[in-house]
Enquirer: 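Have a look at this one before I ask anything.
Labels below follow one simple rule: chain letters A, B, ... track the order of the sequence lines, proteins then strands, and each chain is numbered from 1.
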Amino acid sequence: MEDALAERLLPWYREHRRDLSFRRTKDPYAILVSEVLLQRTRVVSGVPYFERFMARFPTVVDLANASEEQVLKAWEGLGFYGRARNLHRAGKAIVGDHSGQVPRTFAGLRELPGIGDYTAGAVASIAFGERVSAIDGNAARVLARVFRILGDLTRGEARKRLVGIGESLVPPSDPGAYNQALMELGATVCRPRTPLCTTCPLGSLCGAYRDGNPERYPQRFVRPPPPVIRVAFALVERKGKVLLVRRPSGGLLAGLWALPGGEIIGKTSAGAAIRESLKDLGVRGRVLGVSGRVDHTFSHRRWTGTVHRVRASGPTRLGGDALWAGPKEIQRLPLVPFHRRFLERGRGDDAAGTGTIRDLDMGEPF
DNA sequence: TTCCGGGATC
DNA sequence: GATCCCGGAA
């Protein structure tokens with residue numbers, strides 16, 4: 001079985017692999033970028049980001065010299081923004097501690113921020129030919145089916161079995177192609193639902209296929225629906241500019257610029273919540289009405305609520321984490337993706353279809 | 001509209 | 001064990 005898998009996988013891969021830009025490079029830095037960028041991200045949605053990222057930061061020195069804001073801007077829309085910050089830190093470490101050379105071993109790569117077992121294995125095998133495994137979700141699904149691994153593949157005994165089997169199968173020659181082949185098979189043939197077993201190069205090497213129940217693997221576990229959290233944001237206008245605040249450097253949407261506002265605690269009204277957050281920023285004004293709705297689901301919580309137009313009055317002195325943004329800044333800054341549409345729609349009259357929010361003290365100046 | 005899949009960190 | 005997003009499929 002050991003060699004049989006690789007022997008079937010490699011010819012299949014040469015024939016069927018998708019022609020993707022990140023597969024055309026041998027530059028270890030580019031491979032590292034692509035692997036971080038594809039963490040928890042589908043290949044098709046990651047590719048345009050990869051191309052833009054490499055155009056923007058062609059070398060690790062360019063990345064290391066960039067500001068965190070510039071890196072975040074290139075990441076805007078991809079999600080899991082901690083990845084961007086970690087990749088930036090990794091770039092600085094490569095330049096600062098490794099003479100600008102990407103570490104050539106699994107162990108060396110594993111030390112970099114944002115590089116876990118998967119990414120270290122992928123870069124070590126693909127860029128440097130080290131015989132290590134790289135088991136992403138696609139590869140895990142293939143192995144779970146071939147070897148009929150039951151249980152939760154992310155932890156415990158099932159995880160151990162998966163990793164043990166995965167490591168034992170990596171061939172000494174071209175482990176990078178082998179790892180990519182396994183992942184590619186999972187992505188395109190051994191799909192989560194309705195796998196294309198009739199065209200699979202593994203055929204009856206696969207235990208689940210022989211049993212006639214490939215979809216039984218890997219086992220799925222119920223994911224409880226995320227808690228719904230009320231939010232309210234303010235679209236504050238003054239002299240054609242809009243008020244933005246920088247989100248904290250840790251946590252949700254870390255480091256992105258956003259409309260002021262956020263989660264609402266308890267029974268506070270949306271209007272009151274907005275007045276409160278603007279008061280904290282030293283901004284005075286009046287809430288005019290609702291200009292849109294937010295309904296956005298993250299990994300672990302769901303935001304639902306409203307965006308309110310606010311007319312600011314009087315002068316304001318803003319700190320470093322707040323600014324009045326004109327069109328130029330709106331274009332240049334990394335923004336919360338689902339806030340951007342409110343800014344680009346411009347001054348937007350109170351949108352129809354959002355329903356009228358009855359907030360009796362709405363128009364009060366504050 | 002809901003569901004689901006895809007790694008790392010602390 | 002809890003935190004961190006998005007887009008395509010259903």
Enquirer: Tell me: CZ of A:R247 to P of C:dC4, nearest whole Å?
Expert: 9 Å
Enquirer: What is the separation between atom CG on A:N86 and atom P on C:dC5, rounded to the nearest whole Å?
Expert: 12 Å
Enquirer: So does A:T41 get a backbone contact from the side chain of A:S45, meaning a donor-acceptor N/O pair under 3.5 Å?
Expert: no
Enquirer: Around atom CD of A:Q331, are there more than 12 heavy atoms from other residues, nucleotides or ligands closer than 6.0 Å?
Expert: no
Enquirer: Measuring from the side chain of A:Q39 (C-beta onward, heavy atoms only), which nucleotide among B:dG7, C:dC6, C:dC5 has the closest atom?
Expert: B:dG7
Enquirer: Which atom pairs, donor and acceptor, lie under 3.5 Å between side-chain atoms of residues 178-189 of chain A and protein residues at least two apart or in another chain?
Expert:
residue: A:N179; atom: ND2; partner: A:S125; partner atom: OG; Å: 3.0
residue: A:N179; atom: ND2; partner: A:V132; partner atom: O; Å: 2.9
residue: A:N179; atom: ND2; partner: A:P175; partner atom: O; Å: 3.4
residue: A:Q180; atom: OE1; partner: A:Y13; partner atom: OH; Å: 3.4
residue: A:Q180; atom: OE1; partner: A:R23; partner atom: NE; Å: 3.4
residue: A:E184; atom: OE1; partner: A:R18; partner atom: NE; Å: 3.4
residue: A:E184; atom: OE1; partner: A:R18; partner atom: NH2; Å: 2.9
residue: A:E184; atom: OE1; partner: A:R23; partner atom: NH1; Å: 3.4
residue: A:E184; atom: OE1; partner: A:R23; partner atom: NH2; Å: 2.7
residue: A:E184; atom: OE2; partner: A:R18; partner atom: N; Å: 2.9
residue: A:E184; atom: OE2; partner: A:R18; partner atom: NE; Å: 2.8
residue: A:E184; atom: OE2; partner: A:R23; partner atom: NH1; Å: 3.3
residue: A:T188; atom: OG1; partner: A:E184; partner atom: O; Å: 2.8

Enquirer: Please report, rounded to the nearest Å, how far the C1' atom of B:dT2 is from the CZ atom of A:R220.
Expert: 15 Å
Enquirer: For B:dT9 and A:R83 - does any side-chain N or O of the residue sit under 4.0 Å from the phosphate oxygens OP1/OP2?
Expert: no
Enquirer: With hydrogens left out and only the distance checked, is there a donor-acceptor pair under 3.5 Å joining A:R223's side chain and the base of B:dG5?
Expert: yes
Enquirer: For A:P113 and for A:T41, find the nucleotide of DNA chain B with the closest heavy atom, then tell me which residue's nucleotide is more 5'.
Expert: A:T41
Enquirer: Think A:H296 has a side-chain N or O under 4.0 angstrom from the OP1 or OP2 of C:dC5?
Expert: no
Enquirer: C:dC4 C1' sits how many Å from A:E263 CD, rounded?
Expert: 13 Å
Enquirer: Of the options C:dC4, B:dG5, B:dT1, whose atoms approach the side-chain atoms of A:D295 most closely?
Expert: B:dT1
Enquirer: Tell me whether the side-chain N/O atoms of A:H300 come closer than 4.0 Å to OP1 or OP2 in C:dA2.
Expert: no
Enquirer: Enumerate the residue pairs fulfilling salt bridge (Lys or Arg N to Asp or Glu O under 4.0 Å) with a member in residues 85-102 of chain A, sequence neighbours excluded, ordered by first and then second residue.
Expert: A:E68-A:R85
Enquirer: Rounding to a whole Å, what distance do you find between A:H339:NE2 and C:dC5:P?
Expert: 13 Å
Enquirer: Mind checking A:P225 for me? I need base, sugar-phosphate or nothing, with any heavy atom below 4.0 Å counting as a touch.
Expert: nothing
Enquirer: Rounding to a whole Å, what distance do you find between A:D117:CG and B:dA8:C1'?
Expert: 10 Å
Enquirer: Looking for any heavy atom pair under 4.0 Å, which part of the strands does A:F80 touch: base, sugar-phosphate only, or nothing?
Expert: base
Enquirer: Could you tell me whether the phosphate oxygens of B:dG6, OP1 or OP2, come under 4.0 Å of any side-chain nitrogen or oxygen in A:N138?
Expert: yes
Enquirer: Under 4.0 angstrom, heavy atoms only, what part of the nucleic acid is A:R141 near: base, sugar-phosphate, or nothing?
Expert: sugar-phosphate
Enquirer: A:F338 has an atom CZ; how far is it from atom P of C:dG7, in whole Å?
Expert: 11 Å
Enquirer: Between atom CG in A:L87 and atom C1' in B:dT9, what is the gap in whole Å?
Expert: 15 Å
Enquirer: Say you draw a straight line from CZ of A:F338 to CG of A:L253; how long is it, rounded to the nearest 0.5 Å?
Expert: 5.0 Å
Enquirer: Whether A:T119 contacts B:dA8 is assessed here as follows: a side-chain N or O lying under 4.0 Å from the phosphate OP1 or OP2. Is that the case?
Expert: yes
Enquirer: At 4.0 Å (heavy atoms only), tell me whether A:R191 reaches a base, stays on the sugar-phosphate, or touches nothing.
Expert: nothing
Enquirer: Determine the contact category for A:G77: base if any of its heavy atoms lies under 4.0 Å from a base atom, sugar-phosphate if only primed atoms, P, OP1 or OP2 are that close, otherwise nothing.
Expert: sugar-phosphate
Enquirer: Below 4.0 angstrom, N of the basic side chain to O of the carboxylate: do A:D62 and A:R56 qualify?
Expert: no
Enquirer: Between A:R193 and A:E76, just flag the one whose closest nucleotide in DNA chain C comes earlier from the 5' side.
Expert: A:E76
Enquirer: Kindly say if A:Y81 contacts the phosphate of C:dC6, meaning a side-chain N or O under 4.0 Å from OP1 or OP2.
Expert: yes
Enquirer: The side chain of A:R302 is closest to which nucleotide in this list: B:dC4, B:dT2, B:dT9?
Expert: B:dT2
Enquirer: Looking only at the side chain of A:Y118 (C-beta and beyond, no hydrogens), which of the listed nucleotides B:dA8, C:dC5, B:dG5 gets closest?
Expert: B:dA8
